[in-house]
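The structure appears below as structure tokens.
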Amino acid sequence: MNIRNCLIFLSALCLFSGCATQRVPIAADPLEGFNRTMFTVHEGLDTVLLKPVAQGYDAVVPAPVKRGVGNFFENFRDVARSGNAFLQGKGRQGVTGLGRILINSTLGLFGLFDVASEMGLQKGTEDFGQTLAIWGVPSGPYLFVPLIGPSGGRDIVGFTVDAYANPLWYLTKDEIAVRNSLIGIYTMHTRANLLPADRILSEATWDKYAHIRSAYLQRRAAITGRPTLDDYDDLDDPPDGE
């Protein structure tokens, strides 16, 4: 099942999640019962699959190689960042993104080296979820999607659009195996980058789900420029009696 079909399936499940048990309902997370179930599924998959592979990758691959892998995939992501900058009316950032792609794809040896940043062309932070927010699309309910992580109604649409803006999706049929291998490497690399935060997260909060939700919602509110932090003030507070 590809990512698009997975998202359609998860969206359908959302429609039937209204009767799920809620813990401390808040305006930003009306589907909390469903989301906590999906979080548990994600944690299980991460424990038996993603984290062990990421730990092996982190232990075996030298730091310079990991840096090159990260640069390589960030070069692809600059395509979506640049396009979203233009869609948001940020012409200068859009042109900067195009310059980064050109420089890093050539002088940077297909993106393995981030030459553009050394030349003062810093990568942007624009994504299609942010674009939709600027266009006035409501955020929608908070969602936790297994293997993807925290998101929202608007941001899951943005994630899908940005994913399909990645040139990797447009390799020919004869190159599908290469594409899937690269996606696997990207997933492993991304998970490995989160390893240092695992222990801190587990020790710093009584409720890992609530902590991740709070961090995500506040970060997205800041990025989109539409903070509604009144909804988030109680996200890390334990229920009465805990």
Side-chain angles (χ1 to χ4, degrees), residues 2-3 46 49-88 90-131 145 147-151 155 158-172 174-198 200-201 215-216 219-220 222-223:
N2 59 33
I3 291 178
D46 183 66
L49 178 62
L50 295 182
K51 187 173 182 179
V53 174
Q55 288 173 326
Y57 168 85
D58 190 56
V60 172
V61 179
V65 176
K66 286 186 284 190
R67 186 160 52 249
V69 170
N71 290 338
F72 176 78
F73 288 109
E74 287 298 303
N75 191 45
F76 284 111
R77 294 184 65 191
D78 274 338
V79 174
R81 293 188 185 110
S82 178
N84 280 299
F86 284 118
L87 291 174
Q88 294 171 26
K90 303 175 182 178
R92 178 176 296 179
Q93 290 90 327
V95 172
T96 296
L98 292 177
R100 284 181 53 83
I101 296 167
L102 177 62
I103 292 171
N104 286 340
S105 297
T106 53
L107 299 180
L109 301 179
F110 303 102
L112 292 175
F113 299 94
D114 188 1
V115 179
S117 290
E118 297 178 4
M119 296 173 63
L121 299 177
Q122 301 302 317
K123 66 182 177 184
T125 59
E126 292 79 14
D127 57 57
F128 196 66
Q130 183 187 110
T131 299
V145 184
L147 301 181
I148 293 178
S151 188
D155 286 341
F159 172 86
T160 306
V161 172
D162 286 338
Y164 278 94
N166 193 314
L168 282 176
W169 286 108
Y170 302 99
L171 295 176
T172 66
D174 295 334
E175 298 167 324
I176 289 179
V178 175
R179 182 198 69 188
N180 292 342
S181 296
L182 289 173
I183 292 174
I185 294 172
Y186 173 71
T187 302
M188 179 173 57
H189 176 82
T190 302
R191 182 61 183 90
N193 284 340
L194 297 175
L195 290 173
D198 285 350
I200 296 174
L201 184 60
Y216 176 80
R219 176 177 177 274
R220 291 304 293 176
I223 288 176

Yes or no on side-chain contact (heavy atoms from CB on, under 4.5 Å) for Asp162 and Asn84, after CA distance, side-chain angles and deciding distance?
CA-CA 9 Å; Asp162 286 338; Asn84 280 299; 3.0 Å; yes
Spacing of [X] atom [atom1] and [Y] atom [atom2] [to the nearest 0.5 Å]:
{"X": "Asp155", "Y": "Gln130", "atom1": "CG", "atom2": "CD", "result": "10.0 Å"}
{"X": "Ile183", "Y": "Asn166", "atom1": "CD1", "atom2": "CG", "result": "7.5 Å"}
{"X": "His189", "Y": "Leu194", "atom1": "NE2", "atom2": "CG", "result": "10.0 Å"}
{"X": "Ile223", "Y": "Thr125", "atom1": "CD1", "atom2": "OG1", "result": "6.0 Å"}
{"X": "Phe159", "Y": "Asp127", "atom1": "CZ", "atom2": "CG", "result": "11.0 Å"}
{"X": "Leu168", "Y": "Arg77", "atom1": "CG", "atom2": "CZ", "result": "12.0 Å"}

List the steps, then state whether side-chain contact (heavy atoms from CB on, under 4.5 Å) holds for Phe73 with Val69.
CA-CA 7 Å; Phe73 288 109; Val69 170; 3.7 Å; yes
Could you tell me whether a side-chain N or O of [X] sits under 3.5 Å from a main-chain N or O of [Y], the two making a donor and an acceptor?
{"X": "Asn104", "Y": "Gly111", "value": "no"}
{"X": "Ser82", "Y": "Asp78", "value": "no"}
{"X": "Asn75", "Y": "Asn71", "value": "no"}

Are Arg191 and Asp58 close enough for a salt bridge, meaning some N to O gap below 4.0 Å?
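The answer is no: the pair does not qualify as a salt bridge.
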Is the shortest side-chain N to carboxylate O distance from Arg100 to Asp114 below 4.0 Å?
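Salt bridge flag = yes for Asp114 with Arg100.
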Parallel, tilted or perpendicular: ring planes of Tyr164 versus Trp169, cut at 30 and 60 degrees
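Rings of Tyr164 and Trp169: parallel, under 30°.
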Give the intermediate values and the outcome of side-chain contact (heavy atoms from CB on, under 4.5 Å) for residues Leu195 and Lys51.
CA-CA 8 Å; Leu195 290 173; Lys51 187 173 182 179; 4.1 Å; yes
Take Leu50 and Leu147 through the test side-chain contact (heavy atoms from CB on, under 4.5 Å) and record every step on the way to the result.
CA-CA 9 Å; Leu50 295 182; Leu147 301 181; 3.7 Å; yes
Modelled atom types, side-chain donor and acceptor of Glu126 and Gln88, under 3.5 Å:
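No pair is found: no donor N or O on one side chain lies under 3.5 Å from an acceptor on the other.
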